[in-house]
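First up is the structure itself, then whatever we jot down about it.
Read the numbers this way: they start at 1 and go in the same order the structure lists the ligands and their atoms. None of the values given here were measured: they were computed from a predicted structure. Numbering starts at 1 and runs along the sequence shown.
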Amino acid sequence: MTGLSKEILIPQPEISRRVQELADQISRDCAGEEILAIGVLKGAFVFMSDLVRAMAVPCQTDFIRAVSYGAGSESSGNVVITKDVELPVEGRNILIVEDIVDTGLTLQSIVDHIKRRNPKSIRVCAFLDKRKRRKVPFEADYVGFSMDDGFVVGYGLDFNEQYRFLPDVYVIRTDVD
Ligand code: PRP
């Protein structure tokens, strides 16, 4: 028999501490600026809400959704924007907020898409970074936690749309009896 189990990888208090550190760093770097924070749906909704509330600089918020069509759980490279940013981007300081960078294809497409609207600046903040899995050389400006391979859920991240609501981050394990 094969089943799934999950094990805590990053407990909620550690997440809170790290989110506050990221927010402090962003607040220092963006002092005196007005920011438009753009969350990448759906996974980033939990991180985004914690991050913007921990920041000490004024920000507006919006969301974007990108879908990567292809087989399996990995990005195909064919990234389509299915919900665009609604607020004006031109001339503004953009902070893209993402839950996880994996192949880098989603964020690369989103950054290119936003750049075409002539923002003043673009920064990217990712809660998790699976750097070893990159297919394109994408680097986020701010990273919460770097991790090796492994399927993670919770704190906005899902497995078949389950577990997004969990306050901790878990790694999913396949158990073979
Ligand atoms: C996940 C994650 C990133 C993307 C990262 O989104 O939220 O947006 O994949 O993968 P990449 O670096 O390989 O492109 P997903 O498509 O699972 O959608 P979701 O946020 O709605 O869960």
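Looking only at side-chain heavy atoms (C-beta outward), Y155 and V169 come within less than 4.5 Å of each other. Looking only at side-chain heavy atoms (C-beta outward), V111 and V124 come within less than 4.5 Å of each other. The shortest distance between side-chain heavy atoms of C59 and L95 does not fall below 4.5 Å.
The residue from D99, I100, I64 that puts a heavy atom closest to atom 7 (O) of ligand 1 is D99. For atom 22 (O) of ligand 1, the nearest non-hydrogen atom from the set R164, K42, R134 comes from R164. Evaluated by nearest non-hydrogen atom to atom 13 (O) of ligand 1, the leading choice among T103, L157, L128 is T103.
Close approach to L105 involves these atoms of ligand 1, each under 4.0 Å from a residue heavy atom: 12 (O), 14 (O).
Checking only distances, E161 never comes within under 3.5 Å of ligand 1, N or O to N or O. The distance criterion of under 3.5 Å between nitrogen or oxygen atoms is not met by A66 with respect to ligand 1.
Using a 4.0 Å cut-off between heavy atoms, E98 contacts ligand 1 through its side chain alone, with no backbone atom that close. Neither the backbone nor the side chain of V67 has a heavy atom within less than 4.0 Å of ligand 1.
Contact analysis puts G104 in contact with ligand 1, with a non-hydrogen atom separation below 4.0 angstrom. Ligand 1 has at least one atom lying under 4.0 Å from a heavy atom of R65.
At least one donor-acceptor pair closer than 3.5 Å links the side chain of D62 to the backbone N or O of E86. Here the side chain of R164 pairs a donor or acceptor atom with the backbone of G156 at under 3.5 angstrom.
Looking at D129 and S146, their side chains never bring a donor and an acceptor atom within 3.5 Å of each other.
The nearest pair of heavy atoms linking G91 to K120 is O-CB, 3.4 Å.
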